[in-house]
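In what follows, a structure is listed as structure tokens, so that the remarks can point back to it.
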Amino acid sequence: MPTPFESASLNLQLFDLRREPVLREARDWFLREFNPESFTELVTLLSGERNASFRMVIGYWDMAASLVTSGAIDGESFRSAHGEIFATFSKIQPFLAELRAVTGEPDICKHMEEVIFGAPMAEATLARRREALRAAAKARGSESRAQPTSELSERL
């Protein structure tokens with residue numbers, strides 16, 4: 001079992017990695033714009049130009065979670081420091097079984113899954129995050145449609 005100092009140190013290093021510009025942009029896309037409503041839509045999105053972003057985000061969080069499952073970081077410490085993992089996992093969880101079956105990769109996101117379901121009330125937390133992200137995406141869509149084109153262009 002890692003000491004609290006060791007867990008804190010690794011959590012800070014993981015946080016620092018999240019600041020890398022390409023990963024930061026991929027995470028932003030994933031949380032704001034990646035909103036599949038079906039497995040078919042997920043496959044369509046992953047077949048496009050954002051495939052690398054998807055793999056980067058999922059790969060980062062599964063690697064980070066593997067530090068918990070291997071015992072390098074305390075699970076509670078990790079979950080407290082990296083709440084974003086719940087939001088990320090909430091977007092793929094509804095499609096995970098099918099994704100695993102179709103790809104023939106039963107271990108996709110297994111570390112994320114184990115870490116998240118190690119938290120009390122994990123299902124309720126995932127449902128809340130999923131709904132909050134959908135509501136935010138819907139609000140952003142309404143906001144952009146309500147603004148005149150020239151005003152929207154100025155914001156971009």
Side-chain angles (χ1 to χ4, degrees), residues 2 6-119 121-141 143-144 155-156:
E6 291 166 334
S7 284
S9 179
L10 286 171
N11 276 323
L12 289 171
Q13 289 174 26
L14 287 171
F15 187 81
D16 198 39
L17 286 173
R18 290 170 42 184
R19 295 172 42 194
E20 190 279 325
V22 177
L23 178 57
R24 179 177 274 182
E25 191 280 330
R27 288 176 30 248
D28 182 65
W29 166 80
F30 194 96
L31 292 174
R32 294 172 55 88
E33 298 176 37
F34 178 74
N35 299 299
E37 294 291 328
S38 67
F39 184 73
T40 302
E41 188 178 353
L42 174 87
V43 170
T44 300
L45 289 168
L46 297 184
S47 299
E49 64 185 46
R50 284 304 198 158
N51 180 276
S53 296
F54 176 85
R55 289 182 294 112
M56 181 181 288
V57 171
I58 297 306
Y60 170 79
W61 282 116
D62 205 45
M63 177 274 307
S66 76
L67 295 173
V68 176
T69 61
S70 69
I73 299 177
D74 172 68
E76 272 310 304
S77 171
F78 179 87
R79 285 185 290 272
S80 294
H82 305 288
E84 183 181 321
I85 194 171
F86 283 89
T88 300
F89 191 74
S90 77
K91 289 191 166 215
I92 61 167
Q93 183 204 15
F95 317 111
L96 194 53
E98 198 167 0
L99 183 62
R100 287 172 172 164
V102 167
T103 62
E105 296 289 342
D107 292 336
I108 292 174
C109 301
K110 78 173 191 170
H111 299 287
M112 289 174 67
E113 185 174 44
E114 185 175 336
V115 167
I116 286 172
F117 284 104
M121 311 255 318
E123 284 285 355
T125 300
L126 290 168
R128 277 194 317 275
R129 298 284 168 88
R130 190 177 302 115
E131 186 54 40
L133 289 165
R134 285 180 180 156
K138 185 176 180 180
R140 280 191 303 278
E143 179 182 293
S144 66
R155 291 184 63 202
L156 298 175

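Side chains included, hydrogens not; waters and symmetry mates left out as well; all remaining heavy atoms used.
With contacts defined as side-chain heavy-atom distances shorter than 4.5 Å, the pair R50/L45 does not qualify. Side-chain contact between L14 and I73 is present, with heavy atoms from C-beta onward closer than 4.5 Å. Under the 4.5 Å side-chain criterion, counting only non-hydrogen atoms from C-beta, L10 is not in contact with P2. In this structure, the side chains of V57 and F34 stay at 4.5 Å or more apart for every pair of heavy atoms.
Using a 30° and 60° split on the angle between ring planes, W61 and H82 fall in the perpendicular class, above 60°.
When all heavy atoms of K110 and D62 are compared, the closest pair comes out as N-OD1, 3.6 Å. Nearest approach of F15 to Y60, heavy atoms of both residues: N-OH, 4.4 Å. Across F30 and F54, no two heavy atoms sit closer than the pair CE1-CD1, 3.5 Å. The two residues I116 and L126 make their nearest non-hydrogen contact at CG2-CD1, 3.9 Å.
Residue pairs meeting the salt bridge (charged side-chain N to carboxylate O under 4.0 Å, His left out) criterion with at least one partner in residues 8-19, sequence neighbours excluded, are D16-R19, R18-E84.
Checked for salt-bridge contact, K91 and E41 miss the test: no charged N lies under 4.0 Å from a carboxylate O. Under a 4.0 Å N-O distance rule, the pair E131/R128 does not qualify as a salt bridge.
The one candidate from E113, R129, M112, R130 that meets the side chain to side chain contact (heavy atoms under 4.5 Å, CB included) condition with Q93 is R130.
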